[in-house]
Amino acid sequence: RTDPARGFYHPPESINVSRQSPQNKSDTIASVISIDAQATYDIWAFGVAVYEAVVGQPLLPYACRGNREMNEAEIGKIGRWDDHYLKKALKQLD
């Protein structure tokens, strides 16, 4: 099982987003949970690191770059990762 207290590039499947107000998107309760370790966990982390190396800036949810703990809104962005966020990130490669 993974340890939520260790690591930085947690994949979306390890994030529990329990509430988001439609009126206030910053009103998010999100946390990193322990999940069974899978190869996809490492693939996600590797992909994020490669993205940062190629683009020269962090993938949006990881903007704090490990300089501080991520807040719940940032963790929530990872938990809500979808095609919209993917397309936004891929535009940076142009």
Side-chain angles (χ1 to χ4, degrees):
R1 297 201 51 92
T2 61
D3 182 356
R6 292 191 62 212
F8 183 68
Y9 295 122
H10 300 287
E13 60 267 25
S14 71
I15 307 297
N16 180 30
V17 180
S18 57
R19 184 185 74 199
Q20 181 182 9
S21 167
Q23 294 81 19
N24 184 359
K25 291 193 180 223
S26 64
D27 181 24
T28 300
I29 295 176
S31 60
V32 181
I33 58 172
S34 180
I35 60 173
D36 290 332
Q38 298 177 17
T40 57
Y41 196 95
D42 293 330
I43 292 168
W44 172 267
F46 180 72
V48 172
V50 168
Y51 176 88
E52 290 183 359
V54 170
V55 175
Q57 63 185 28
L59 192 60
L60 184 61
Y62 303 101
C64 66
R65 297 192 133 207
N67 294 326
R68 60 170 172 76
E69 284 192 41
M70 288 191 289
N71 61 40
E72 288 187 23
E74 291 165 328
I75 293 170
K77 286 179 184 177
I78 301 166
R80 291 186 308 273
W81 186 264
D82 60 9
D83 286 347
H84 167 76
Y85 286 114
L86 176 62
K87 289 176 186 175
K88 191 173 181 178
L90 291 176
K91 284 182 181 179
Q92 298 298 316
L93 295 173
D94 289 338

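Just so you know, these numbers come straight off a predicted model, no measurement behind them. Numbers here simply count residues along the sequence, with the first being 1.
- Without hydrogens or angle criteria, Glu74 side chain to Asn71 main chain gives a donor-acceptor distance under 3.5 Å.
- Judged as a salt bridge (Lys or Arg N to Asp or Glu O under 4.0 Å), not a single pair has a partner in residues 9-18 (not counting sequence neighbours).
- Under the salt bridge (charged side-chain N to carboxylate O under 4.0 Å, His left out) criterion, Asp82 pairs with no residue, sequence neighbours left out.
- Summarising the geometry of Pro12 relative to Trp81, their closest heavy-atom pair is CG-CB, 3.7 Å, with the distance given to 0.1 Å.
- What you find for Gly79 and Val17 is that their closest heavy atoms are CA-CG2, 4.0 Å.
- The two residues Pro11 and Trp44 have their closest heavy-atom pair at CA-CD1, 3.5 Å.
- Hydrophobic clustering, with ILVMFWY side chains joined whenever heavy atoms are under 4.5 angstrom apart, groups Leu90 together with Tyr9.
- Residues Ala30 and Ile15 share a closest heavy-atom pair of CB-CG2, 4.4 Å.
- Taking Tyr41 as the reference, His10 meet the side-chain hydrogen bond (donor to acceptor under 3.5 Å, both in side chains) condition, with sequence neighbours excluded.
- Residues Ile75 and Ile33 do not share a hydrophobic cluster, clusters being chains of Ile/Leu/Val/Met/Phe/Trp/Tyr side chains in contact below 4.5 Å.
- Residues Ile43 and Tyr85 do not share a hydrophobic cluster, clusters being chains of Ile/Leu/Val/Met/Phe/Trp/Tyr side chains in contact below 4.5 Å.
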Tell me, with the steps shown, if Ile29 and Ser31 meet side-chain contact (heavy atoms from CB on, under 4.5 Å).
CA-CA 7 Å; Ile29 295 176; Ser31 60; over 6 Å; no
